[in-house]
K.L.:
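Let me give you the structure first, and then I'll get to my questions.
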Amino acid sequence: MNFLIENWMLVAVAAGSALALFLPTLTQGAAGGVVPTEAVLLMNREKAVLIDVCEPNEFAQGHAVGSKNIPLAQLEAQLPSVVKNKSVPVILVCQSGGRASRAASQAKKLGYERAQALAGGLKAWREASLPTEKA
C-alpha cells in the first residue's frame, strides 16, 4: 500500500493508459452495431448485404460502394424483395448510425436475425478510408 501512495503519479499514468486502450471498445459496445472493418469482413466472408436506409437524395450524394438504397420508411415493404435469404448478414447504414439502428430493429422483426447497424454510419465508413461512390 505504501508503494501506491508514494508512486501515485505512476499509478495515475498506468490507469490513464489502460483507460485509453479500452475506451474505443467500451464506446463501440455502448453504441452497438458493427464497426466498418468488421462489416467489410462480413461482406467478404459471408456475403453480407449492405443496405443504406438514407433518403434517395442523401444516397445520391454519397454511399458505401456496393450498398443498396432502401429508405427507412420503405424498409418493411422492400427488404424482403432485396434480401431473400434471411440467414445472410444484413448491415444497415445511414449517415451517422441513428436510423440504421432503428432499421436493424425493424429488420430483426421481419426475421433477419443477423441484421446489424453500422456503428458510426457512413461517417465512420469514410473515416476508415473505405470506398464510397456517388449515384
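Reckoned from all heavy atoms, side chains included, excluding hydrogens, waters and symmetry mates.
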K.L.:
Between atom CG of Leu50 and atom CE of Met43, what is the distance when rounded to the nearest 0.5 Å?
P.N.:
5.0 Å
K.L.:
When rounded to the nearest 0.5 angstrom, what distance separates CG in Leu42 from OG1 in Thr37?
P.N.:
10.0 Å
K.L.:
Are Leu10 and Trp8 connected in a single hydrophobic cluster, I mean Ile/Leu/Val/Met/Phe/Trp/Tyr linked by side-chain heavy atoms less than 4.5 Å apart?
P.N.:
no
K.L.:
Do Val34 and Leu41 share a hydrophobic cluster, counting only Ile, Leu, Val, Met, Phe, Trp and Tyr and linking them when any side-chain heavy atoms are less than 4.5 Å apart?
P.N.:
no
K.L.:
What heavy-atom pair brings Glu76 and Pro80 nearest, and what distance separates the two atoms?
P.N.:
O-CD, 3.4 Å
K.L.:
Return the CZ to SG distance between Arg102 and Cys94, rounded to the nearest 0.5 Å.
P.N.:
8.0 Å
K.L.:
For the pair His63 and Asn69, evaluate side chain to side chain contact (heavy atoms under 4.5 Å, CB included) and give the outcome as yes or no after the intermediate values.
P.N.:
CA-CA 9 Å; His63 55 273; Asn69 184 227; over 6 Å; no
K.L.:
By the definition side-chain contact (heavy atoms from CB on, under 4.5 Å), identify the one residue from Glu113, Lys47, Arg114 that meets it with Pro89.
P.N.:
Arg114
K.L.:
As a test of understanding, state which of Val53, Ile51, Leu118 forms a side-chain contact (heavy atoms from CB on, under 4.5 Å) with Val93.
P.N.:
Leu118
K.L.:
Hey, could you give me the CG/NZ distance between Leu79 and Lys68, rounded to the nearest 0.5 Å?
P.N.:
10.5 Å
K.L.:
Quick check for you: to the nearest 0.5 Å, what is the distance between Leu92 atom CG and Lys108 atom NZ?
P.N.:
10.0 Å
K.L.:
What closest approach, in Å, do Ala124 and Ala119 show between heavy atoms, and which atom pair accounts for it?
P.N.:
CB-O, 3.4 Å
K.L.:
What is the minimum heavy-atom distance between Ala104 and Ala115, and which atoms define it?
P.N.:
O-CB, 4.1 Å
K.L.:
Sort out for me which residue in Val88, Val83, Val49, Asn85 forms a side-chain contact (heavy atoms from CB on, under 4.5 Å) with Tyr112.
P.N.:
Val83
K.L.:
Do Gln106 and Leu72 have side chains that get closer than 4.5 Å, going by heavy atoms?
P.N.:
yes
K.L.:
Quick one: pull up OG in Ser81 and CD1 in Ile70 and give me the separation to the nearest 0.5 Å.
P.N.:
6.5 Å
K.L.:
Does a side-chain heavy-atom distance below 4.5 Å link Glu58 with Arg99?
P.N.:
yes
K.L.:
Measure from the side-chain N and O atoms of Trp125 to the backbone N and O of Pro131, and report whether any donor-acceptor pair falls under 3.5 Å.
P.N.:
yes
K.L.:
Has the side chain of Lys86 got a donor or acceptor atom that lies under 3.5 Å from a matching backbone atom of Leu110?
P.N.:
yes
K.L.:
Restricting to non-hydrogen atoms, name the atom on Pro71 and the atom on Pro56 that form the minimum distance, rounded to 0.1 Å.
P.N.:
CG-CD, 3.9 Å
